[in-house]
Amino acid sequence: MAKHLTKRSENYSQWYNELVVKADLAETSAVRGAMVIKPYGYAIWEKMKEQLDKMFKETGHSNAYFPMFIPKSFFSKEASHVDGFAKECAVVTHYRLKNDENGKIVVDESAKLEEELIVRPTSETIIWHTYKNWIQSYRDLPLLINQWANVVRWEMRTRLFLRTSEFLWQEGHTAHATKEEAITETEQMINIYAEFAEKWMAMPVIKGTKTDSERFAGALETYTIEALMQDGKALQSGTSHFLGQNFAKAFDVKFATKEGTQEYVWASSWGVSTRLMGALIMAHSDDNGLILPPKLAPIQVVIVPIFKGEEQLKEISEKVDIIIDKLKAKGISVKYDDRDTQKPGFKFAEYELKGVPIRLAIGKRDLENNNIELARRDTYEKKIYSQDGIENVIEDLLNEIQENIYKKALDFREETTTIVDNLDDFKAAIEKGGFVSAHWDGTEESEQKIKEITKATIRCIPIKNILEDGDCIYSGNKSTQRVLFAKAY
RNA sequence: CGGGGUGUGGCCCAGUCCGGUUAAGGCACCUGCUUUGGGAGCAGGGGAUCGCAAGUUCGAAUCUUGCCACCCCGACCA
């Protein structure tokens with residue numbers, strides 16, 4: 001392991017790449033664009049999953065699992081959907097290999113599939129095909145299903161967690177009797193994502209809707225949560241789509257109403273992915289490594305003994321065991337690193353790199369005074385405490401750290417958000433980084449031109465927007481509200 | 001997919017232009033001793049068909065051709 005990370009100020013994307021690998025979160029694999037998520041990284045993902053899954057179930061959703069392969073013909077049933085995904089699909093064409101005359105393994109051309117299978121880039125089509133058989137009556141609605149799965153999108157340029165050709169995610173697919181109910185569901189889920197981002201990831205987000213050009217392929221409305229990274233670029237961190245009756249019509253999913261009429265069902269779909277890992281890393285971490293919010297840290301407290309010889313270690317361990325028991329009783333995850341193969345300084349640096357929120361150090365001089373040293377990852381602050389009652393100090397401090405890193409990220413976002421009223425100011429603000437709030441005339445043409453000139457896209461039309469009259473920064477035409485622009489990942 | 005760059009033990013890399021005994025160094029790893037309150041020191045040791053495949057040559061990490069992978073910049077994206 002190299003001693004130091006590239007500094008964020010020197011090269012932000014290099015810092016990110018190094019951090020992901022050095023903190024043991026993930027690495028590249030033998031397959032182009034696909035990553036190996038390592039145990040420490042996966043442990044964080046599991047924590048995210050656990051909380052999200054709980055929130056989904058509390059709002060009435062059930063988990064199910066649908067096939068990874070989708071018959072090619074399914075894709076042509078919803079026109080805009082296929083347009084959106086066709087260019088990045090992996091396709092299975094054969095089902096057998098054989099040895100050729102040189103002893104090499106080759107595809108057996110005689111084992112060609114009648115109909116090619118698409119490796120799912122998202123599951124709307126296979127799920128709606130299935131829903132046709134599940135839904136007959138208004139009594140079958142609403143249907144609230146989520147699946148945890150992997151999907152494949154053959155991206156040209158990939159980056160660990162942020163954009164990989166295969167990624168893990170959850171996708172919710174719901175069916176409702178009315179439009180209003182489907183919209184309520186769509187909004188409920190974006191609110192859950194926002195709550196998760198802010199309370200668990202300690203990452204402030206802006207909720208809003210996407211413009212026509214940025215909307216999900218096949219959706220009537222896409223809600224998004226947009227987060228700001230430390231380099232001033234925005235990251236779309238979760239989306240919830242109101243699909244109208246598009247998929248119901250494409251897959252002929254009708255239900256009998258109370259009145260006995262036949263109607264198409266209304267749909268939503270919503271997802272977050274392992275991209276959240278990238279967001280988590282970039283939102284908080286610093287030049288010495290990860291900074292994890294306590295609620296998602298696999299290890300919340302690490303204890304490093306400082307000792308000479310086995311006798312001393314034994315003495316320290318006796319005290320540490322008492323503290324570990326008290327912490328565990330409070331549901332705090334704790335690791336005691338009593339390896340004698342690494343020096344304390346090495347361990348300090350290692351746990352900083354891995355973002356462990358609180359570190360305790362205990363040595364001979366602490367034993368004499370019944371003390372223990374506590375260091376915070378987020379502020380680097382070090383303080384000596386009595387061993388008695390340290391578990392209460394830690395419990396409070398974990399909450400304080402969670403709040404502190406949220407506040408820090410929120411302050412950063414507010415400092416780097418600019419309100420502008422003309423194109424020159426807009427260009428300067430985008431160049432500086434961060435969100436830029438500006439008037440837009442609502443046309444795709446203006447949106448496109450602004451993107452060409454500045455590389456900034458409309459991240460969202462914020463839900464909490466206040467309507468106000470203004471002039472579009474590009475066209476000068478009348479506008480009724482400001483929208484949020486930024487350069488994005 | 002277009003432009004540029006790079007591939008040498010697990011990692012970082014020297015050597016490649018100008019072909020010639022055993023491919024150099026650092027990190028990591030193994031053994032031993034001394035160490036341990038912010039990334040330890042010394043001594044010894046193991047590990048490489050030089051990205052892959054052909055070709056040129058008495059001889060290829062080095063030259064030629066093709067392929068592959070990765071990185072940066074564009075177009076695309078959860």
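Chain letters run A, B, ... following the sequence lines, proteins first, then strands; residues in each count from 1. Note that the structure is predicted; figures quoted are calculated from it, not measured.
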Quiz prompt | For RNA chain B, the dot-bracket pattern of Watson-Crick and G-U pairs whose distances stay under 3.5 Å, | for other-strand partners | solution = ((((((((.[[[..)....(....]]].((((((.....)))))).....[[[[[..)....]]]]])))))))....
Quiz item: Do Y385(A) and N370(A) get their side chains close enough for a donor-acceptor pair, meaning under 3.5 Å?
Solution: no
Let me check something: any side-chain donor-acceptor pairs from residues 340-348 of chain A under 3.5 Å, sequence neighbours excluded? List them with distances.
| unit_1 | atom_1 | unit_2 | atom_2 | d |
| --- | --- | --- | --- | --- |
| K347(A) | NZ | D337(A) | O | 3.0 |
| K347(A) | NZ | R339(A) | O | 2.7 |

Practice problem: Please check if any side-chain donor atom of E166(A) sits under 3.5 Å from a side-chain acceptor atom of T164(A), or the reverse. | Solution: no
Quiz prompt | Footprint string (nucleotides 29-36 of chain B, 5' to 3'): B base within contact, S backbone only, - free, heavy atoms under 4.0 Å | solution = -------B
Practice problem: Go through the side-chain N and O atoms of N150(A) and R120(A) and say whether any donor and acceptor fall under 3.5 Å apart. | Solution: yes
Between the protein and nucleotides 66-71 of chain B, which nitrogen or oxygen pairs come in under 3.5 angstrom?
| unit_1 | atom_1 | unit_2 | atom_2 | d |
| --- | --- | --- | --- | --- |
| rC70(B) | OP2 | R32(A) | NH1 | 3.0 |

Quiz item: Do you see a donor-acceptor pair shorter than 3.5 Å between the side chains of T6(A) and Q14(A)?
Solution: yes
Exercise. With C1' as the reference atom in both, quote the distance from rA48(B) to rA54(B) in angstrom, rounded to an integer.
Key: 22 Å
Quiz item: Across the strands shown, which category fits K347(A) at heavy-atom distances under 4.0 angstrom: base, sugar-phosphate, nothing?
Solution: nothing
Self-check item: Sugar-phosphate only, base, or nothing, as touched by R359(A) at under 4.0 Å among non-hydrogen atoms
Solution: base
Quiz item: Just checking, is any N or O donor in the side chain of H241(A) or E221(A) under 3.5 Å from an acceptor N or O on the other one?
Solution: no
Exercise. May I ask you to establish whether K354(A) and Y40(A) are in a cation-pi arrangement, using a distance under 6.0 Å from NZ or CZ to the six-membered ring centre and at most 45° from the ring axis?
Key: yes
Between the protein and nucleotides 74-78 of chain B, which nitrogen or oxygen pairs are less than 3.5 angstrom apart?
| unit_1 | atom_1 | unit_2 | atom_2 | d |
| --- | --- | --- | --- | --- |
| rG74(B) | OP1 | K455(A) | NZ | 3.1 |
| rC76(B) | O2 | E155(A) | OE1 | 3.4 |
| rC77(B) | O2' | E155(A) | OE2 | 3.1 |
| rC77(B) | O2 | R163(A) | NE | 2.4 |
| rC77(B) | O2 | R163(A) | NH2 | 3.4 |
| rC77(B) | N3 | R163(A) | NE | 3.4 |
| rC77(B) | N3 | R163(A) | NH2 | 2.9 |
| rA78(B) | O3' | Q236(A) | NE2 | 2.5 |
| rA78(B) | N6 | T164(A) | N | 3.1 |
| rA78(B) | N6 | T164(A) | O | 2.9 |
| rA78(B) | N3 | S273(A) | OG | 2.9 |

Would you be so kind as to tabulate the donor-acceptor pairs closer than 3.5 Å made by side chains of residues 267-282 of chain A, with sequence neighbours excluded?
| unit_1 | atom_1 | unit_2 | atom_2 | d |
| --- | --- | --- | --- | --- |
| S268(A) | OG | T174(A) | OG1 | 2.5 |
| S268(A) | OG | W270(A) | NE1 | 3.3 |
| S269(A) | OG | E124(A) | OE2 | 2.8 |
| W270(A) | NE1 | E185(A) | OE2 | 3.4 |
| S273(A) | OG | R275(A) | N | 3.0 |
| T274(A) | OG1 | L168(A) | N | 3.4 |
| T274(A) | OG1 | L168(A) | O | 3.4 |
| R275(A) | NE | L162(A) | O | 3.1 |
| R275(A) | NH1 | Q236(A) | O | 3.3 |
| R275(A) | NH2 | L162(A) | O | 3.3 |

